[in-house]
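Here is the structure we will look at, set down as structure tokens.
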Amino acid sequence: MSMLKRVIYNLVKLSTRGTPNRFRSAGTKLLLSSEETAEVMFRPKARAFCNSKGFSKNESEVINHEDILGEAGKTTSVFDFKSYMVQKIKSVNQALDAAVPIREPIKFHEAMRYSLLSEGKRICPVLCIAACELVGGQESTAMPAACGMEMIHAMCMMHDDLPCMDNDDLRRGKLSHHKVYGENVTVLAGYSLVALAFQHMTTATKGVHPKTMARAVGELARLIGPEGAAAGQVLDLLCGGNSDTGLEELEYIHRHKTADFAEAAAVVGAMIGGASEKEINRLEKFSKCLGLLFQVVDDILDVTKSSEQLGKTAGKDLLANKLTYPKMIGIDKSKEYAQKLNKEAKEQLVGFDPEKSAPLLAMADFVLHRQK
């Protein structure tokens with residue numbers, strides 16, 4: 001319960017104290033039985049109390065956000081993010097399984113499916129679908145693009161784990177791709193997944209104007225290419241162990257290597273869903289904060305969790321002398337920065353339909369508080 005709602009609740013209790021229920025008028029009973037009406041009656045007093053100097057800045061910001069929702073005649077409700085994610089992940093996994101069936105050459109297609117269908121958070125595909133639905137689109141419309149995002153993400157994980165890159169033996173709780181299929185097959189399977197991502201996205205998407213589809217494909221290509229994720233990976237490799245590297249370079253790496261994937265997912269989903277330019281811009285800002293938040297939390301978990309807890313090798317960034325936020329600014333400052341990114345991400349969703357924005361708001365908190 002928010003601070004404002006707690007104050008309203010207590011004011012309602014005070015207003016009825018000492019007055020037996022049987023002596024209240026029917027009108028009073030009706031007013032006090034309605035949570036929405038009670039908020040309207042007691043909000044001014046509650047707001048004045050909460051805005052007193054005894055409250056912190058963060059609490060005041062929560063109150064102001066509650067007032068915005070109240071003035072718009074909207075009420076907030078508890079969103080079941082776990083159930084939402086279970087349902088969306090199930091849909092995405094079914095679509096991925098159908099998109100990459102076992103066919104000749106069988107061993108090669110099994111290799112493509114190994115990382116693609118492994119247990120994962122599916123943040124990017126779900127983000128793509130949620131962004132599409134936020135602006136009025138349908139899950140079925142966004143699903144081919146969501147699958148394409150996961151295919152590209154799988155390729156990046158496969159290639160990142162190679163000895164010539166991050167050299168990791170574990171991914172999502174099992175052996176990395178090249179430890180099972182060899183480096184040569186890992187490279188080829190990764191390339192194939194990227195090609196299939198664009199093929200599937202353009203041929204399986206229905207009901208989207210060709211110009212919109214072309215724009216979405218171009219945006220996705222840009223964000224994973226030499227101006228996006230690839231650039232972040234290159235700078236990450238070049239700056240490893242360099243003591244002269246600062247926070248500016250670190251943020252560039254994380255914004256491109258990780259945040260660009262979140263941006264691509266949200267922007268492409270919004271475009272396919274028929275978003276306006278203003279809506280696309282706000283989702284772009286939201287996803288940039290979300291993607292960077294994911295990486296900051298990842299850096300923190302790398303030095304605070306075990307390999308068993310993470311499902312991948314813990315402490316590998318420290319051993320490789322790689323740039324991370326805990327290394328540059330410490331654990332506590334890293335956690336403060338994560339909180340700041342979470343707040344900035346959520347601010348971009350104010351004004352959208354509360355029910356449709358609930359999954360994205362919950363996703364921001366999930367990324368902030370995740371433990372693996």
Side-chain angles (χ1 to χ4, degrees), residues 121 123-124 127 152-153 155-157 159-168 170-171 222-267 284-305 307 309-348 363-372:
K121 303 176 189 69
I123 294 294
C124 282
L127 177 57
I152 293 170
H153 182 228
M155 175 277 295
C156 288
M157 292 190 298
H159 286 186
D160 280 354
D161 292 336
L162 287 168
C164 63
M165 301 286 272
D166 289 346
N167 191 24
D168 207 332
L170 289 175
R171 174 70 70 170
R222 181 183 71 82
L223 288 167
I224 67 168
E227 298 178 22
Q233 180 67 48
V234 169
L235 190 60
D236 190 21
L237 292 170
L238 293 175
C239 290
N242 189 344
S243 59
D244 295 330
T245 305
L247 279 173
E248 185 176 345
E249 288 84 0
L250 176 60
E251 183 158 326
Y252 179 93
I253 291 170
H254 284 349
R255 282 198 180 277
H256 287 76
K257 186 177 178 181
T258 303
D260 276 356
F261 277 100
E263 181 182 345
V267 169
E284 178 184 342
K285 293 175 183 176
F286 166 82
S287 55
K288 282 181 176 179
C289 291
L290 183 73
L292 186 54
L293 170 62
F294 189 95
Q295 187 59 58
V296 173
V297 173
D298 213 51
D299 285 356
I300 294 170
L301 293 176
D302 186 66
V303 295
T304 59
K305 298 293 181 179
S307 298
Q309 290 172 313
L310 294 177
K312 60 182 180 179
T313 306
K316 65 185 182 70
D317 290 340
L318 184 64
L319 291 173
N321 201 26
K322 293 185 67 174
L323 291 175
T324 66
Y325 276 96
K327 180 180 177 181
M328 297 288 287
I329 62 176
I331 292 289
D332 290 340
K333 289 292 185 181
S334 298
K335 290 180 178 179
E336 289 178 14
Y337 188 39
Q339 292 281 355
K340 178 175 179 289
L341 289 168
N342 174 269
K343 176 178 175 293
E344 290 176 356
K346 289 181 176 180
E347 287 173 350
Q348 297 303 319
M363 185 177 290
D365 284 337
F366 167 76
V367 171
L368 174 66
H369 298 296
R370 68 191 180 92
Q371 298 298 309
K372 60 185 295 185

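When all heavy atoms of Val296 and Ala338 are compared, the closest pair comes out as CG1-CB, 4.2 Å. Between Leu293 and Leu368, the shortest heavy-atom distance links the atoms CD1-CD1, 3.9 Å. A pairwise comparison of heavy atoms in Tyr252 and Ala231 identifies OH-CB, 3.7 Å as the closest pair. For the pair Met328 and Leu250, the tightest heavy-atom approach, listed with the atom from each and the gap, is CG-CD2, 3.6 Å. The minimum heavy-atom distance between Asp299 and Pro326, with the atom names listed, is CB-CD, 3.4 Å. What you find for Gly291 and Ala262 is that their closest heavy atoms are CA-CB, 3.8 Å.
Two residues are said to be in side-chain contact when any heavy atoms from C-beta on lie closer than 4.5 Å; Asp160 and Arg171 meet this criterion. Looking at Lys288 and Gln348, their side chains never come closer than 4.5 Å, going by heavy atoms from C-beta outward. Proximity of Asp302 to Thr324: side-chain heavy atoms (C-beta onward) are nowhere separated by under 4.5 Å. Residues His254 and Asp298 have side chains not in contact (no heavy-atom distance under 4.5 Å, counting atoms from C-beta outward). Annotation: side chain of Leu341 is in contact with side chain of Tyr337 (closest heavy-atom distance under 4.5 Å). Counting only heavy atoms from C-beta outward, the side chains of Gln339 and Lys343 never approach each other to under 4.5 Å. Residues Leu247 and Glu251 fail the side-chain proximity criterion, which asks for heavy atoms closer than 4.5 Å. No side-chain heavy atom of Phe261 sits under 4.5 Å from any side-chain heavy atom of Ile123.
A distance-only check finds a donor-acceptor pair linking the side chain of Asn342 to the backbone of Ala364 [under 3.5 Å]. Arg370 places no side-chain N or O within 3.5 Å of a backbone atom of Leu301 that could act as its donor or acceptor partner.
Lys257 is linked by a salt bridge (charged side-chain N to carboxylate O under 4.0 Å, His left out) to Asp166, Asp236, counting only residues two or more places apart in sequence or in another chain. Judged as a salt bridge (charged side-chain N to carboxylate O under 4.0 Å, His left out), and not counting sequence neighbours, Lys335 has no contacts.
One finds the SG atom of Cys289 at 10.5 Å from the CD atom of Glu284 (value rounded to the nearest 0.5 Å). Residue Arg255 holds its CZ atom at 9.5 Å from CD of Glu263, rounded to the nearest 0.5 Å. To the nearest 0.5 Å, atom CD1 of residue Ile300 and atom CD of residue Gln295 are 10.5 Å apart. Going from atom CZ of Phe286 over to atom NZ of Lys346 covers 9.5 Å, rounded to the nearest 0.5 Å. For the atom pair CE of Met165 and NE2 of His159, the computed distance is 8.0 Å after rounding to the nearest 0.5 Å.
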Would you please test Asp260 and Glu227 for side-chain contact (heavy atoms from CB on, under 4.5 Å) and show each step? CA-CA 10 Å; Asp260 276 356; Glu227 298 178 22; over 6 Å; no
